[in-house]
Colleague: 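Before we start, here is the structure in question, set down as structure tokens.
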Amino acid sequence: MTDDVTPDAVIPYPGETGDMAERPRDEMADYTGTGLLAGRKALVTGGDSGIGRAVAVAFAKEGADVAIAYLEEKDDAAHTVSLIEAAGRRGVELPGDLADPQHCRDVVAETVKRLGGLDIVVNNVAFQNPTSDFTDISDEQWRRTFAVNVDSFFHVTKAALQHLPDGSAIINTASINGLRGNKTLIDYSATKGAVIALTYSLAQSLAERKIRVNCVAPGPVWTPLIPATMDAEKTESFGEQVPMGRAAQPDEIAPSYVFFASSRMSSYYSGEVLAPIGGETLPG
């Protein structure tokens with residue numbers, strides 16, 4: 001959290017921005033686009049709030065039409081679409097469970113149908129449930145975490161490749177936890193490590209089509225997922241461990257996605273992991 005954010009009480013999962021005592025900065029209010037994504041069509045999973053919302057709005061301000069896929073109907077999604085439309089672009093809401101492979105395929109098909117094409121895929125949806133003891137992770141939780149955090153990336157990307165023109169961009173969201181692990185988020189960390197390896201492999205696989213595949217691996221970011229999955233004590237101190245002494249705001253992370261989505265900015269980048277982690281340094 002930033003210095004002016006006070007801790008939230010626990011809020012119901014999956015979390016809604018309106019339930020937070022101190023709302024994140026995720027509307028890109030001070031961001032001015034320069035046409036980097038003019039005429040492009042984008043799909044952002046987990047796009048209703050937090051990082052996903054900030055990315056969707058930034059893309060719209062850069063000239064893209066944006067479809068957002070998210071778990072369930074709530075005010076967050078409608079507000080995100082209103083922000084996209086306020087930027088003068090088309091916004092599409094696609095609710096449903098991305099743990100379901102068929103829904104992943106349907107989301108891609110509906111995006112193409114309603115936007116008239118697809119040029120950018122952002123695999124951002126995620127599930128986490130902190131657990132202090134590895135042996136307390138149930139089979140159901142393990143499977144759910146992988147179904148949302150890895151399997152949906154596979155199914156969405158596979159379906160999208162039928163529609164993406166050569167030269168398109170795929171951006172995956174990983175995490176600092178996929179780079180160094182986390183003892184209370186073991187299943188989540190394992191999925192984020194898998195996302196990084198998937199990014200490397202897809203970048204190699206799709207190089208002939210000039211489809212760039214990159215990854216953003218943020219450190220702590222203040223989103224509804226935090227008070228929805230962590231207790232009050234952890235929420236209160238969230239982000240204080242990094243050198244900058246605070247969590248990031250989603251608005252601070254979204255420009256990384258704009259960079260990877262824009263061929264003007266990142267035409268020679270593929271198979272890269274950009275880690276905005278608040279000044280932390282990692283070996284290797």
Side-chain angles (χ1 to χ4, degrees), residues 16-18 23-96 98 106-125 156 160 163-173 211-212 214 216 221 223-224 248-267 274 276:
E16 188 161 6
T17 306
R23 300 183 182 185
R25 294 198 306 272
D26 59 6
E27 299 185 356
M28 303 302 288
D30 298 327
Y31 184 87
T32 301
T34 59
L36 290 172
L37 305 178
R40 307 295 291 278
K41 318 293 184 183
L43 168 62
V44 181
T45 70
D48 56 325
S49 63
I51 293 173
R53 170 184 286 172
V55 170
V57 176
F59 281 7
K61 287 192 169 189
E62 290 292 356
D65 297 327
V66 187
I68 58 168
Y70 55 96
L71 181 59
E72 59 187 38
E73 290 283 7
K74 54 184 183 176
D75 293 341
D76 271 345
H79 183 57
T80 299
V81 168
S82 74
L83 293 169
I84 294 168
E85 292 174 343
R89 308 309 307 175
R90 284 180 291 173
V92 174
E93 295 181 52
L94 299 171
L98 287 159
D106 290 345
V107 159
V108 171
E110 192 66 15
T111 297
V112 172
K113 176 182 176 182
R114 295 176 65 178
L115 294 185
L118 183 59
D119 305 288
I120 304 163
V121 173
V122 177
N123 290 303
N124 174 67
V125 67
V156 167
H163 306 283
L164 290 173
D166 291 359
S168 297
I170 299 170
I171 308 164
N172 297 322
T173 301
I211 294 177
R212 298 175 297 106
N214 292 293
V216 181
V221 184
T223 74
Q249 294 290 337
D251 282 2
E252 297 177 286
I253 306 300
S256 298
Y257 293 79
V258 173
F259 173 76
F260 280 142
S262 167
S263 59
R264 188 189 312 171
M265 300 293 290
S266 59
S267 60
L274 184 56

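What you see is a predicted model; the values in this text were computed from it and never measured.
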Colleague: Would you compute the distance between atom CG of D48 and atom OH of Y70 and round it to the nearest 0.5 angstrom?
Modeller: 7.5 Å

Colleague: Can you give me every donor-acceptor pair (side chain of residues 57-68, partner residue at least two apart or in another chain, under 3.5 Å) with its distance?
Modeller:
unit_1	atom_1	unit_2	atom_2	d
K61	NZ	M28	O	2.7
K61	NZ	Y31	O	3.2
E62	OE1	T34	N	2.9
E62	OE1	G35	N	3.1
E62	OE1	L36	N	2.9
E62	OE2	Y31	OH	2.5
D65	OD1	R89	NE	3.2
D65	OD1	R89	NH2	3.3
D65	OD1	R90	N	2.9
D65	OD2	K41	NZ	3.0
D65	OD2	R90	NE	3.2
D65	OD2	R90	NH2	2.9

Colleague: Is it the case that the side chain of R53 and the backbone of D76 share a donor-acceptor pair, with hydrogens and angles ignored and the cut-off at 3.5 Å?
Modeller: yes

Colleague: Taking salt bridge (charged side-chain N to carboxylate O under 4.0 Å, His left out) as the definition, give me every residue that meets it alongside D166, ordered by chain and number, with sequence neighbours left out.
Modeller: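 For D166 the salt bridge (charged side-chain N to carboxylate O under 4.0 Å, His left out) partners, ignoring immediate neighbours, are R209.
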
Colleague: Which value, rounded to the nearest 0.5 Å, describes the distance between S256 atom OG and I171 atom CD1?
Modeller: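 Between atom OG of S256 and atom CD1 of I171 there are 9.5 Å.
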
Colleague: Any side-chain heavy atom of V108 sitting closer than 4.5 Å to one from L43?
Modeller: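 Yes, at least one pair of side-chain atoms sits under 4.5 Å.
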
Colleague: List in chain and number order the residues that pass side chain to side chain donor-acceptor pair (under 3.5 Å) with D106, two or more places apart in sequence or in another chain; answer none if no residue qualifies.
Modeller: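 Only Q102 meet the side chain to side chain donor-acceptor pair (under 3.5 Å) criterion with D106.
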
Colleague: For L118 and A42, work out which heavy atoms get closest and say how close.
Modeller: CD1-C, 4.1 Å

Colleague: Run the side chain to side chain donor-acceptor pair (under 3.5 Å) test against N172 and tell me which residues pass, sequence neighbours left out.
Modeller: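 With neighbours one apart ignored, the set is N123, T199.
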
Colleague: Measure the CZ-CG distance between R25 and D251 for me, rounded to the nearest 0.5 Å.
Modeller: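 Rounded to the nearest 0.5 Å, the CZ-CG separation comes to 6.5 Å.
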
Colleague: Report yes if some heavy atom in the side chain of T223 is under 4.5 Å from a heavy atom in the side chain of D26; otherwise report no.
Modeller: no

Colleague: List the atom of V81, the atom of G91, and the distance in Å for their closest heavy-atom pair.
Modeller: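 Distance-wise, the nearest heavy atoms are CG1-O, 3.9 Å.
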
Colleague: Where is the tightest heavy-atom contact between D119 and P165, given as atom of each residue plus distance?
Modeller: OD1-CG, 3.6 Å

Colleague: Could you give all pairs that pass the salt bridge (Lys or Arg N to Asp or Glu O under 4.0 Å) test and reach residues 29-39, with sequence neighbours left out?
Modeller: none

Colleague: Who pairs with E110 by side-chain contact (heavy atoms from CB on, under 4.5 Å), at least two apart in sequence or on another chain?
Modeller: L94, K113, R114

Colleague: For the OG1 atom of T80 and the CD atom of E85, what is their distance to the nearest 0.5 Å?
Modeller: 11.0 Å

Colleague: Please report the shortest heavy-atom distance between T17 and P224, naming the atom on each side.
Modeller: OG1-CG, 3.6 Å

Colleague: With the side chain counted from C-beta on, respond yes when I211 and I170 share a heavy-atom pair under 4.5 Å apart, and no when they do not.
Modeller: yes

Colleague: Is there a side-chain contact between P24 and Q249 (heavy atoms, below 4.5 Å)?
Modeller: yes

Colleague: Using the test side chain to side chain donor-acceptor pair (under 3.5 Å), find all partners of T173 that sit at least two apart in sequence or belong to another chain.
Modeller: N124, Y257

Colleague: Quick check: closest heavy atoms across R212 and S266, and the distance to 0.1 Å?
Modeller: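 Closest approach of R212 to S266: NH1-OG, 2.8 Å.
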
Colleague: Of all heavy-atom pairs between G46 and V125, which one has the smallest distance, and what is that distance?
Modeller: N-CB, 3.8 Å

Colleague: Going by side chain to side chain donor-acceptor pair (under 3.5 Å), name the residues that satisfy it together with S49, two or more places apart in sequence or in a different chain.
Modeller: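 Once residues adjacent in sequence are excluded, S49 has no partner under the side chain to side chain donor-acceptor pair (under 3.5 Å) criterion.
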
